[in-house]
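All values below were derived from every heavy atom in this structure, side-chain atoms included, with hydrogens, water molecules and symmetry-related copies excluded. Chain letters run A, B, ... following the sequence lines, proteins first and then strands; every chain starts at 1.
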Number of protein chains: 2
Amino acid sequence: MAGREGPRPGGRSARVQASVHAAVQALMTRMERAAITIPAIAAEAGVTPSTIYRRWGDIQELLADVAVERLKPDMVPIDTGNGGNDLLAWAEQYAEEMSSKPGREMIRDVLASQDGSGAYQCCNFTRQQIEVIAARAQLRGEGFPDVDSIMDRVVSPIMYRILFGEAPDAAHVARLVAGAMELVSPARASVDEPA
Amino acid sequence: MAGREGPRPGGRSARVQASVHAAVQALMTRMERAAITIPAIAAEAGVTPSTIYRRWGDIQELLADVAVERLKPDMVPIDTGNGGNDLLAWAEQYAEEMSSKPGREMIRDVLASQDGSGAYQCCNFTRQQIEVIAARAQLRGEGFPDVDSIMDRVVSPIMYRILFGEAPDAAHVARLVAGAMELVSPARASVDEPA
DNA sequence: TCATAAACGCAAATTATTTGCTTTTGTGAC
DNA sequence: GTCACAAAAGCAAATAATTTGCGTTTATGA
């Protein structure tokens, strides 16, 4: 990702980056996304446009950079005392946040950037949240599915529907979580095949 | 989606649309995506830039329009004589096509457009392919999962990994298909819970 | 065949982007 | 601390893209 952690983190570069990021977020509250231009951001940030062009290249990269930062989770998944419930609570909140207009815009911004590292980072943010839930479950001695399986069975369908169709409702999210948790304690299981 | 099926489908509008679409595809074979501009497309298409601006608004909408057209499936899923195998064959091909550079670019183009109808259409293309497989399975008297379940358990994880991480390999796709097919014939099932 | 309106072409005006050069400002050597 | 250096920013001119007003072409349906 462009513009992240330059070689001189304490100085002017950092100030400019912070100021530009803040300007983007400020403009986003004031106007629609499509109307935001680099000259406008530069003016808001008190910076010359060529600075932004040289550091980020184009507006997609800049918006992706800002979106990744905003998508960074700011708290630990709530602890309900049970892995399955933790996952359900987390997934409900995740689906809601990502379905919101700002959420969808941030995802779109991240995916629109040329270099895929922003998307990869976001995926890792999510994965880390789930790892926290999984680790807690393991500490309690509960069974809990692979993190990869959670990504496949819970996160992916939520994201797919947000991106390609209609946002999933609470019932659907619950069904997804149940389907994932079946991997560790199948609803109806025995020692051998019936056929 | 802008520019699709105008009110005068037989005339000049249609010719311009075809010519512009062809120009976009031609330029894509000659230069990298980021370098394609509307004036360049207009020149290639033998059209004035303002025509494109007025019909599509901006390059994202135009590229999305072209991408949707290219993502339209051009053949029926192959018939292996068995629903599960049909699904596996289809999913492998889908994963491969969508993981390719042109595939990823088309998906990105579709998702980047303002109006979400392109993404919705693409989702429907996929759904329809799966419906064909499901209908054949039903005709044969086989059990086959809900199309929605296939979207959740097979399509979504493939797409998520392509968009946010690394492309899924064949083994992973096979695992996803197996996980989906378990919905109809669980690998290990009985009449009641063990606990 | 004619009236109509949608879509296009053209060109001028505006706005965004690129680029060469200068100045500022952190950083590390001394 | 001071100085030399290089990275990043500012400025302004040049280039390129976008918007817009207006005249012209061309499907469509009466």
Q) side chain to side chain donor-acceptor pair (under 3.5 Å) with B/Glu131: which residues, sequence neighbours excluded? A) none
Q) Looking at residues at least two apart in the chain, or sitting in another chain, which of them share a ring pair (Phe, Tyr, Trp, His ring centres under 6.0 Å) with A/Tyr160? A) A/Phe164
Q.
Tell me every residue that passes side-chain contact (heavy atoms from CB on, under 4.5 Å) with A/Arg70, counting only those two or more places apart in sequence or in another chain.
A. A/Gln25, A/Met28, A/Val66, A/Met106
Q: Grab the CD-C1' distance between B/Gln60 and D/dA17 for me, whole Å please.
A: 14 Å
(Q) Tell me every residue that passes side chain to side chain donor-acceptor pair (under 3.5 Å) with B/Glu97, counting only those two or more places apart in sequence or in another chain. (A) B/Gln93
Q | Counterpart residues, salt bridge (charged side-chain N to carboxylate O under 4.0 Å, His left out), relative to A/Asp109 (two or more places apart) | A | A/Arg33
Taking only nitrogen or oxygen atoms into account, show me every contact under 3.5 Å that the protein makes with nucleotides 9-13 of chain C, one pair per line with its distance.
residue: C/dG9; atom: OP2; partner: B/Thr48; partner atom: N; Å: 3.2
residue: C/dG9; atom: OP2; partner: B/Thr51; partner atom: OG1; Å: 2.6
residue: C/dG9; atom: O6; partner: B/Arg54; partner atom: NH2; Å: 2.9
residue: C/dC10; atom: N4; partner: B/Ser50; partner atom: OG; Å: 3.0

**Q.** salt bridge (charged side-chain N to carboxylate O under 4.0 Å, His left out) partners of B/Glu96, counting only residues at least two apart
**A.** none
Q. What pairs meet the salt bridge (charged side-chain N to carboxylate O under 4.0 Å, His left out) rule with one or both residues in residues 160-170 of chain A, with sequence neighbours excluded?
A. A/Arg161-B/Asp148, A/Arg161-B/Asp152
Q. For D/dA7, does either OP1 or OP2 sit under 4.0 Å from a side-chain N or O belonging to A/Arg55?
A. no
(Q) Output the rounded distance in Å from CD1 (A/Ile52) to C1' (C/dA16). (A) 12 Å
**Q.** Those residues of residues 27-41 of chain B lying under 4.0 Å from DNA chain C by at least one heavy atom
**A.** none
Q: Send over the distance from A/Trp56 CH2 to D/dA8 P, rounded to a whole Å.
A: 12 Å
Q. What integer distance in Å separates B/Gln17:CD from C/dA6:P?
A. 18 Å
Q | Residues A/Thr80 and A/Asn82: side-chain donor-acceptor under 3.5 angstrom | A | no
